[in-house]
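Quick notes on the structure that follows.
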Amino acid sequence: MARGKRAAIEGPAQPMQIDPGFHPEIRYRGRAMRIERYLDQLASAAIRETTGQTSSPLLRPTTDPRHGDYQLNAAMALAKALGKKPREIAEPLAAKLAEHPAIARAEVAGPGFVNLHLDDTWLGERLTEAARDAERCGIPLVDTPEKIVVDFSSPNIAKQMHVGHLRSTIIGDALCRLLRAIGHEVIGDNHLGDWGTQYGLLLVGMREFGSLDALDEQPIEELERVYKLASARAKDDEDFAERARTELAKLQSGDAENMALWKKFVDTTRRELERTYERMGIHFDEWLGESAYNDMLPGVVERLLAAGLAREDQGAVGVFWQELEGAPAKLAKQKEPFLVRKRDGAFLYSTTDIAAVLYRKDRWHADRSLYVVDARQGLHFQQLFAVAQLLGVEMQLEHISFGTVLDEAGKPLKTRDGKAVTLASLLDEAERRAEARIREGIAEKKLHIDEQDVPTVARAVGIGAVKYADLRQNRSSDYQFDWDKLVSFNGNAGPYLQYAYARVASIFAKGGEDLDAAVGPIVLREPPEERLGRVLARFGEVVHQAAESYLPHLLTDHLYDLAKSFMSFYEALPVLKAEGDVRASRLALAALTARQMRRGLDLLGIEVLERM
RNA sequence: GCGCCCGUAGCUCAGAUGGAUAGAGCGGUGGACUUCUAAUCCACUGGUCGGGGGUUCGAAUCCCUCCGGGCGUGCCA
């Protein structure tokens, strides 16, 4: 049963015609569903017309469906400035908006809220358009595309990736996908830790007790083994430590022999890292590690000195905020210098990061550079960004910080013997648990998976569950890792969404229907359809919000809403057994759901399965 | 000391630029499978939003203060 008024228009949706006297500049851009922005523009125009004011309508989705779909809070805000009662402002505003075909009803309520009820006919037409946009899936492009560098994952050479890299890798990858989806040009850059003091120890250690064969076969294990031995030795053998420093200096000045061995460390490790990334479906556009900026480092320090931003102190060179004009007050107060050259002449990661900022600006002409890095490095990035600003680099810099991964007891996730859990072992465990759950489901005849597909499904479900668990939480807080929740098939978890997708897909498989051919027209008749339709209509908007606020959990929450709404619809109303227009409409709703689920999960780096 | 983050239902968490009776999931209780996948769906249950002040027509949200927890802090990254 459709709410509100319904125009007589049926059949294929037309690009909507808008009364030019009302808002000549606003066009609903065909298939690009960004409904909130559209309503916002509509309401702004209505405010201008009824009050002469240019002000935000303060459009918000309602929290209670009885208040309609969206509410405007502007009347209360405008009351003081206009010297009127809020309701006196709200009444004409509501009347104006009610004239528009998108709005079924606009009611004034409470102190001066304007509650907007979307028109189901209008909404059905917009959904029909979205159903016919298989390519973009209703996600509009940004007006001004930017070039954005996303610096993420960034493991160290010669060390296993561990849970500490998990979040950066998963969140960074999702942000790349999201920003690309709304039309930005994205460079995903793996800023490897492939340069620095540990290489002196590794060079000497490798020659002393390393094996080149082992390095080829199990590079990371061998490098970790050698490093452990070498650093232990260096502690009580001053001669050994001195040789390590000498070899490091030779490496940094380009000694051919050391360079060759170092290169071998990097290449072999990279091959091993790529296997893990492949397993996770992660791709980088660039692998510019710290070593890539080596040649720039002396110049960076000189430039800072010349600009009067840095000075020498106790043999080291750094930026001393409390002495600097135009420095952020907080940095000055903290009195922590930003060191860029050590007493022994070596450079630090601060120096490398400044070089990378300059490189990204000068060589790539990036508009934005995002650093998907642990929250504990917050101070470093504050300092880095302040230096960049003082150097006059015009590029938006953002630290996309995230919290620590904790175990069930709320402590940082470690193995029993206190070591960091490696990423590989975590993924193994996820797949193992997923497989166990899947076999249970098959035994109970609740899942429909052929034996030969079990490993594939277990992989997609296991990896997907890990990613979803990470992405669904607001990045800034620490997150508690819980295996049972992770692989659970119900509730807000990855497998539930994959299951929901498989259920939609099975409608088409069962009915022999082509998903791409199911294009409606969509007409919202029953309450479950109206609810599903309203969720479907928000997709483009949510993708934009998630991308531009760097909050993937906005999308996971939305996809969960979508899955729930679809499940309710699916349980309540027949699709294949419906007839005529109703069947066509419901098939199109299902097809649009499937596409948004697939696309949405893809933007999070999560695979879907046609059958499970 | 200085700085950053956090404190919301029994548990895990959402609550963007302040908006109506603070929402999910898990858990608990009760229902729904001869009908498109029941690992699903429906209903119910559950809160001094850490405490106290302040700003506002309106505060979980902004400001101050206190309490509790985590993290960072001169030559690691």
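Just so you know, these numbers come straight off a predicted model, no measurement behind them. Below, chain A is the first sequence line, B the second, and so on; all start at residue 1.
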Return the nucleotide paired to [N]: Watson-Crick means purine N1 to pyrimidine N3 with N6-O4 or O6-N4, wobble means G-U with N1-O2 and O6-N3, both under 3.5 Å.
N	value
B:G7	B:C67
B:C44	B:G28
B:A60	none
B:C33	none
B:G72	B:C2

Counting the atoms with a prime plus P, OP1 and OP2 as sugar-phosphate, which does [X] contact under 4.0 Å by heavy atoms, base, sugar-phosphate, or nothing?
X	answer
A:Arg475	nothing
A:Leu406	nothing
A:Ile438	base
A:Lys446	base
A:Ala572	nothing
A:Asn73	base
A:Met76	base
A:Tyr560	sugar-phosphate

With a 4.0 Å cutoff (strictly under), does any side-chain N or O of [X] reach OP1 or OP2 of [N]?
X	N	answer
A:His399	B:C4	no
A:Thr62	B:A20	no
A:Ser568	B:U40	no
A:Lys333	B:G3	yes
A:Lys330	B:C4	yes
A:Asn474	B:G15	yes

Which listed nucleotide ([options]) is nearest to the side chain of [X]?
X	options	result
A:Asp557	B:U21, B:C13, B:A14	B:A14
A:Arg503	B:A16, B:U37, B:G19	B:U37
A:Gln473	B:A14, B:U21, B:A24	B:A14
A:Ala502	B:C36, B:A20, B:U37	B:U37
A:Arg60	B:U17, B:C2, B:C57	B:U17
A:Ser506	B:U37, B:A24, B:A39	B:U37

Would [X] and [Y] pass as an ion pair if we require N to O under 4.0 Å?
X	Y	answer
A:Asp374	A:Arg167	no
A:Arg503	A:Glu571	yes
A:Arg439	A:Glu435	yes
A:Glu541	A:Arg37	no
A:Glu513	A:Arg583	yes

Using the side-chain hydrogen bond (donor to acceptor under 3.5 Å, both in side chains) rule, take A:His380 and A:Tyr349 through it: C-alpha gap first, then chi angles, then the decisive distance, then the call.
CA-CA 10 Å; A:His380 167 73; A:Tyr349 85 132; 3.2 Å; yes
Tell me whether A:Phe113 is stacked on the nucleobase of B:A20, counting only the six-membered base ring and applying the 5.5 Å and 30° thresholds.
yes
Are A:Tyr570 and the base of B:C36 stacked, counting only ring centres nearer than 5.5 Å and planes tilted under 30°?
yes
Indicate the ring-plane relationship of A:Tyr199 and A:Trp262, choosing parallel, tilted or perpendicular according to the 30° and 60° boundaries.
perpendicular
Side-chain H-bond candidate by donor/acceptor type, A:Asp64 with A:Thr62, under 3.5 Å:
no
Using the salt bridge (Lys or Arg N to Asp or Glu O under 4.0 Å) rule, take A:Asp69 and A:Arg534 through it: C-alpha gap first, then chi angles, then the decisive distance, then the call.
CA-CA 8 Å; A:Asp69 299 304; A:Arg534 279 166 172 72; 2.7 Å; yes
With [atom1] as the reference atom in both, quote the distance from [N] to [M] in angstrom, rounded to an integer.
N	M	atom1	answer
B:C6	B:G15	C1'	15 Å
B:G72	B:C76	C1'	14 Å
B:G68	B:C75	C1'	35 Å
B:G46	B:G25	C1'	14 Å

Determine, for nucleotides 70-77 of chain B in 5'-to-3' order, which nucleotides have protein heavy atoms under 4.0 Å from the base (write B), from only the sugar-phosphate (write S), or from neither (write -).
-SBBBBSB
